[in-house]
Every structure is written in C-alpha cells, then in structure tokens.
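Here the structure is a predicted model, which is why all the values come from computation and not from measurement. Each ligand, and each atom within it, is numbered from 1 in the order the structure gives. When reading the values below, keep in mind they use all heavy atoms of this one structure, side chains included, and skip hydrogens, waters and symmetry mates.
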Amino acid sequence: MKKQPLFPVLNGLLHGGDYNPDQWLDRPDILAQDIEYMKKAGINCVSLGIFSWSSYEPREGEYHFEWLKNVMDTLYANGIYTILATPSGAKPAWLDRKYPDCLRVDNMGIRYHHGDRHNYCMSSENFRGKLKNINSMLAQRFAHHPGLLMWHISNEMGGDCFCPLCQQKFVEYLRNKFDNDIEKLNKAWWTTFWSHKYSCFEEIEPPFANGSIDIMGLMLEWRRFTTWNMIDCMKSEIEVVKAANPDIPVTANLMNMYNGLDYRALAKEIDVVSWDSYPRFHNDWESFDDTMRELAYSHAVFRCLKKDKPFMLMECTPSLTNWQAYNKLKRPGVMRLQAVQAVATGSDTVQYFQIRKSRGSFEQYHGAVIDHAGIDNRVFREVSEVGDILKKIDSVAGTKVNAKAALLFDWDNRWAIQDMQAMCVADKKYEKTLVDFWREFNRCGAEVDVISSLDDFSDYKIIIAPMLYILHPGVAQRLTEFVKNGGQLLATYLTGYTDENLLCHLGGFPGDNLSDLFGIYSEEMDTLFPSDRNGIKFRGFENKIEVFDCCEILKVKDAEVIGRYTDDFYKDTPAITVKCFGDGSAYYVAARTKASDLAPIFEQMIKNAGIMPNVMPPMIDYHERVADGEVYRFYLNLSDKENCVADVKGYDLISEKEICGTLTLSGYGTAVVKNIK
Ligand code: GLA
Ligand code: ZN
C-alpha cells in the first residue's frame with residue numbers, strides 16, 4: 001500500500017474550517033487579527049465563500065470579487081490555503097424574486113418562499129443558468145490562484161422538490177429506466193394492487209404526501225430519482241470549475257447518515273469525500289463510549305465511499321452547536337479525542353465550523369475557533385492543542401485503513417425498509433442495528449469497512465449483512481461465491497425479501513437461492529410489542545440471551561442449529577444457525593438481540609477468518625493506518641480517567657516517547673504509536 005496524501009502541498013494533515021470574511025468587510029482590523037489567530041492555532045487552510053452569492057452578486061449582473069481576492073492573497077501570503085465553495089448553498093433574494101421557479105415546491109405542492117438555504121430546485125434552468133454564470137466567474141478568477149486547494153461544491157446538498165419541472169423530469173427518468181414501456185413499470189411496481197395501473201407515463205406523479213405514498217416501487221424510485229437529479233445538478237457545477245482548471249480536486253460536504261440521497265452514487269462524481277460531524281457527546285441516552293464508537297462507524301461509512309484515499313472531516317464544532325435540542329459544551333479534552341479519532345479512522349483533515357463566530361443571525365451562538373470575546377479561552381487553547389498534535393502526526397497523511405471485515409449498507413435498502421409496511425412500521429431500527437453490529441465487531445478486535453452489496457467483496461474475509469432486505473441482481477450469487485471461497489458471512493432476519501423493485505422473492509426467504517447458502521428458510525416473522533421478550537439459548541450453555549422487537553421462525557434444511565428460542569409457541573425452534581459451505585461459513589441470526597450478546601459468534605468468525613484481533617481493554621478505541629511498510633497504531637482513551645494498554649511497542653508521536661510495555665493514557669488521552677512492519 002502506497003501513501004497517497006490528499007494535499008501534497010500541505011506536507012501533512014489539514015487543519016482548518018469555514019471562514020466568512022464577507023461578514024466583516026467593514027472591519028479590516030478583525031480580518032487582519034484573525035489571520036494571526038489562525039496561525040497561532042496551527043490552521044493551514046480555510047473554506048471560503050460557502051454562502052457568498054449575495055456578496056459576489058448583490059444585484060443581478062453586478063459583481064464583486066475583489067474582497068475574495070484580497071482575502072485569498074493575504075491568507076496565502078501567511079501560509080494558509082483556501083478551499084473555495086461554489087455559492088449554491090443559499091440563493092440571493094433577487095434571484096428568487098425574479099425567477100420564482102428557482103424556489104422549491106414541497107410534498108404538498110406548496111412553493112417555498114425565499115429564505116433559509118439548501119433549497120434550490122435542481123431542475124430549474126433559470127437556476128442552473130444563473131449558477132453557471134456565477135461559478136464561471138469565480139472559476140475564471142480563482143481556479144489558478146496559488147492558494148486554491150480544492151473546490152467545495154455547494155453545501156450539504158439535500159431535500160427534494162415536487163415542482164412541475166421536477167415532476168416532468170421524474171417522468172422522463174422513469175420512461176428511460178423502464179424502456180418507455182408502461183407495462184414494464186406496472187409490473188415492477190405491482191400496480192394492479194388497489195387499481196394503481198398507469199396507462200401512460202404522464203399519469204405518474206411524485207409521492208405527494210396526500211398522493212401515491214402507497215406504491216413501494218414509486219417511493220423508492222422517487223428517492224433514486226432525487227439522487228440522480230441532485231447529482232446531475234452537482235455535475236453541472238463541477239463541469240464549470242474543472243473546465244477552468246482540471247487539476248483542482250472537488251469535494252461535497254456530506255451529512256452524517258443523511259437519508260435523502262444515495263451518497264454512494266454521489267461520491268462517484270467527486271474527487272474526495274468529506275463530511276460534517278456533530279455527534280451528541282455526553283447525552284442522556286447512551287454512554288460516551290457508545291457515542292464515540294458510533295462516530296467511528298460514521299467515519300467508516302464515509303471513508304469507504306472512496307476506499308482508495310483518505311477522507312476529510314470537513315466540519316465539526318470546536319465546542320457546541322446551536323441547533324440541536326440541547327447544545328451541550330464539549331467537555332475538556334473531547335475535541336482532541338474527536339480530532340485524533342477522525343485521523344485514526346482515515347481522515348487527513350480536521351476542520352471546524354466555524355473559524356470566527358458571526359456577530360448576528362442564526363448561528364451567532366454556534367461554537368467557533370475565535371469567539372466574540374477573542375481567543376483567551378478554553379476552546380481556542382484546545383483547538384491550538386489539536387493544531388500541535390496534527391503537526392506531530394503529520395506523517396500519517398496519505399496512509400490507509402486496511403480492514404478485512406465489511407458491513408453491508410445500501411441506501412436503497414434503508415429506504416425500502418423504512419417504507420415497508422410490516423414489522424414495527426414506525427421504526428425498524430435498520431441504522432441502529434448496523435451501528436450495533438459494527439461497534440461490537442470492532443470491540444471484538446476487527447476493523448470493519450462499510451460497503452455496498454454491489455461493491456467488490458474480494459478484499460474481505462468477513463461480511464456482516466444485517467437486514468439485507470433488498471437483494472440486487474447478482475448479490476446472492478456473489479455472497480455464495482464469497483462463502484464458498486472461505487468467507488465468513490453473517491446475515492439476520494429480514495434478509496433477501498425483495499428484488500430491486502421491491503417485489504417479493506418467491507420460493508422462500510432469503511430469496512434468490514440464498515436460503516440454500518444458509519440452509520434455512522424463514523417461514524414467518526413475529527413482531528414483538530415493546531415490552532415483550534423472548535430469549536435464545538446457545539447450544540451447550542445454560543445462560544440465555546434476550547430477544548426483542550422481532551423473531552423469524554425458521555425451517556432448517558441443512559444448517560447446524562446453534563441457538564434456540566426459549567419462549568412462546570416457537571420455543572425450542574432454531575434462532576441462530578450456521579452452515580459450512582465450501583471453505584467458509586454462513587451464519588443466520590433470526591431474531592434481534594443486543595449485538596454484544598452475539599460476541600462469541602463474532603469471535604468465532606474472526607478466528608475462522610484468520611484475522612489477528614486487536615482486543616483492547618474496556619474504553620479503549622483502537623485503529624490502525626498503514627502504508628509504505630509503516631504502521632500507525634492509534635489508541636484512544638474513551639474514559640475521562642487514566643487508562644492503560646499492555647504490550648505496546650513503538651514510538652508515540654504525541655508524547656514523543658518510546659513505548660515498550662504498558663501505554664498509559666490520561667483521561668480522553670490519545671497515542672499514535674509508529675513502528676515498522
Ligand atoms: C452545517 C452547515 C454549516 C453550519 C453547521 C452548524 O454543517 O454546513 O453551514 O450551519 O451545520 O453546525
Ligand atoms: Zn423542482
């Protein structure tokens with residue numbers, strides 16, 4: 001594996017954040033001072049112009065770029081690079097007033113008023129035209145600026161639009177997808193049900209809230225379409241900036257586990273993946289340890305959108321947010337822990353929202369590197385400490401996380417499960433289940449990627465596939481091959497119910513012949529009320545584990561039963577099975593349990609796979625980055641108390657000490673131990 005730093009000019013990791021100098025153009029003293037503060041905090045890059053359209057073009061056709069040039073020049077002269085945004089994140093008022101079709105229409109058919117942000121119609125030619133114009137002007141002026149590091153396309157793209165233009169585009173999209181054959185669509189969506197048959201494509205409407213929300217195939221296709229249309233609009237932005245200088249990479253800042261767009265499709269069109277991370281630390285529903293490991297899971301999701309290179313932590317708050325229900329301060333040391341964890345899991349950047357607090361309006365109380373009062377405060381000191389650490393570990397830049405296990409997660413599977421009219425309709429807990437499995441495999445000592453069922457499996461020895469409800473064409477065969485060649489596979493209840501259009505597989509679940517691989521089929525699905533419980537007793541053990549939410553009742557064909565239900569009318573019937581197939585094994589877990597209760601199975605799978613587990617003491621999060629024969633071992637203390645790890649050997653880049661034996665970490669302390677493989 002070769003090192004591949006995202007930004008060779010930086011000679012290390014990027015430390016930066018969103019900066020809005022256009023809010024302070026009448027205060028050159030503040031702008032000048034900000035640069036001094038940034039240097040003090042070890043900031044080497046800022047993101048500019050994210051919401052600057054009305055500063056660039058205050059009236060249609062009147063342009064002001066001189067301020068940006070001054071700011072970029074001065075930053076560059078001070079060793080600070082720029083990530084420049086295209087300004088589509090928010091529209092100027094004149095645009096919406098003159099071209100109302102730039103405004104979105106909601107799912108009741110009501111057009112938005114001007115305001116807020118992230119709400120342009122992706123289909124409006126007026127919008128695209130005006131955007132192209134402003135983007136071309138920016139690109140012509142700045143695409144060759146020596147301080148320009150990358151383009152940041154728009155901001156947190158999301159949402160959908162139900163306007164007549166988008167409706168029409170949806171119809172065209174469907175026509176194309178179903179080969180202009182309405183009967184093909186009728187069949188795929190099973191529209192004879194409730195007399196929903198269409199006689200032509202023009203009759204199809206998007207799923208308005210008071211319209212066709214009962215056709216599963218339509219609901220799913222609307223989300224695929226919205227992804228497609230958003231990407232199409234994003235590509236029109238990328239085209240403009242790439243035409244001016246193809247060497248400048250582009251990114252788009254994604255949102256944690258955002259539901260509205262298939263990020264895997266989107267990621268294919270950008271050079272680097274970046275994401276904005278706002279976890280609720282020290283909340284009142286889970287342990288800090290769980291929050292941190294869930295955060296590591298999210299990093300894995302984004303890392304694996306582009307597995308061949310590092311990702312970017314584009315935004316996080318240095319202290320608090322202002323928009324969550326409860327805006328708690330980050331506890332001392334947590335920013336540092338979060339920063340080192342981001343790098344540990346594959347990020348080459350730590351960036352904040354925001355560098356300086358805005359004086360007024362919606363985000364005036366959101367955390368920032370530079371506060372209204374200045375920099376003599378805890379937050380600035382902690383950010384500066386992060387800056388120092390990032391310098392100490394800069395040789396990590398460009399290395400990679402090398403996981404041998406993968407968890408399958410598909411966006412359309414998620415959408416289908418949400419819409420599915422079965423189980424506990426309101427919440428099937430797909431996302432929670434994914435996190436739960438990921439976290440427990442990690443605690444058992446395996447690094448886990450998060451990939452699509454359509455991705456290549458050949459890098460992996462373990463595949464974890466919770467609730468793989470949709471089986472895309474070829475997936476069942478590829479999973480079968482995987483196990484045959486020695487892979488360890490784990491699937492659960494709700495596997496393989498439908499095809500990619502949400503038509504049920506006939507002949508028993510899991511469908512598409514997967515029931516042969518597991519040696520079982522699922523005969524019925526029982527949904528439990530919230531306080532109902534069942535249990536599973538493992539073969540040969542007295543203790544039972546708890547079962548909640550859902551239980552499939554299995555028929556075993558030729559699998560080995562390792563756990564049986566303890567209660568109810570299906571007491572003693574199989575709940576967990578394994579089938580050895582070829583050189584591998586296929587585990588099936590038919591009921592929902594805490595993933596931690598399945599740890600013995602995970603450990604067995606890790607062992608079967610021949611992976612050397614990195615088992616850590618409680619409250620230690622561990623990750624590795626490798627390249628060019630170097631190994632960086634990241635030890636993160638998730639406890640606020642001192643914590644130790646035995647048998648550590650190498651040089652800790654943070655404490656700058658040789659470690660041979662026990663590594664002692666202070667509360668929320670971190671170590672990055674380097675050695676040669
Ligand atoms: C998002 C946005 C930023 C800012 C932050 C506040 O991530 O991209 O512009 O609003 O939230 O947390
Ligand atoms: Zn629209």
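- The aromatic rings of Tyr263 and Phe302 sit tilted, their planes meeting at an angle between 30° and 60°.
- The protein non-hydrogen atom at the shortest distance from atom 11 (O) of ligand 1 is Glu315 OE1, 3.7 Å.
- Judged as a salt bridge (Lys or Arg N to Asp or Glu O under 4.0 Å), the pairs with a partner in residues 326-341 (not counting sequence neighbours) are, in order, Arg336-Glu385.
- Nearest protein neighbour of atom 9 (O) of ligand 1, counting heavy atoms only, is Arg117 NH1, 2.9 Å.
- By the 3.5 Å distance cut-off applied to N or O atoms, Asn155 is counted among the residues near ligand 1.
- Here His299 and Phe311 bring their ring centres to under 6.0 angstrom of each other.
- Formation of a donor-acceptor pair under 3.5 Å by the Asp271 side chain with backbone atoms of Val250 is found in this model.
- When non-hydrogen atoms are compared, ligand 1 lies under 4.0 Å from the side chain of Glu363 (C-beta onward) but not from its backbone.
- Considering backbone and side-chain atoms together, Thr321 places no N or O closer than 3.5 Å to any N or O of ligand 1.
- For Glu382, the salt bridge (Lys or Arg N to Asp or Glu O under 4.0 Å) partners at least two apart in sequence or on another chain are Arg378.
- Applying the salt bridge (Lys or Arg N to Asp or Glu O under 4.0 Å) test to every pair with at least one member in residues 149-167, sequence neighbours left out, gives no pairs at all.
- Relative ring orientation between Tyr37 and Phe380 is described as perpendicular, the plane-to-plane angle rising above 60° on a 0-90° scale split at 30° and 60°.
- Closer than 2.8 Å to the Zn ion (ligand 2) sit the protein N, O or S atoms Cys121 SG, Cys161 SG, Cys163 SG, Cys166 SG.
- At least one test fails for Arg264 against the ring of Trp411: distance under 6.0 Å to the centre or angle within 45° of the axis.
- The ligand atoms of ligand 1 that sit less than 4.0 angstrom from a heavy atom of Trp323 are 6 (C), 12 (O).
- Judged by the shortest distance from any of its heavy atoms, Phe362 lies outside the 4.0 Å radius around the atoms of ligand 1.
- No side-chain donor-acceptor contact under 3.5 Å links Asp276 and Tyr258.
- Of all atoms in ligand 1, listed by their number and element, those nearer than 4.0 Å to a heavy atom of Phe51 are 9 (O).
- Protein heavy atom at the shortest distance from atom 6 (C) of ligand 1 is His366 NE2, 3.2 Å.
- Residue-environment remark: NZ (Lys39) exceeds the threshold of 12 foreign heavy atoms within 6.0 Å.
- For a threshold of 3.5 Å applied to N or O pairs, the pair formed by His118 and ligand 1 contains no separation below that value.
- For the residue pair Arg104/Asn119, the side-chain donor-acceptor check at 3.5 Å is not satisfied.
- Taking every heavy atom of Glu156 and a limit of under 4.0 angstrom, the matching atoms of ligand 1 come to 1 (C), 2 (C), 7 (O), 8 (O).
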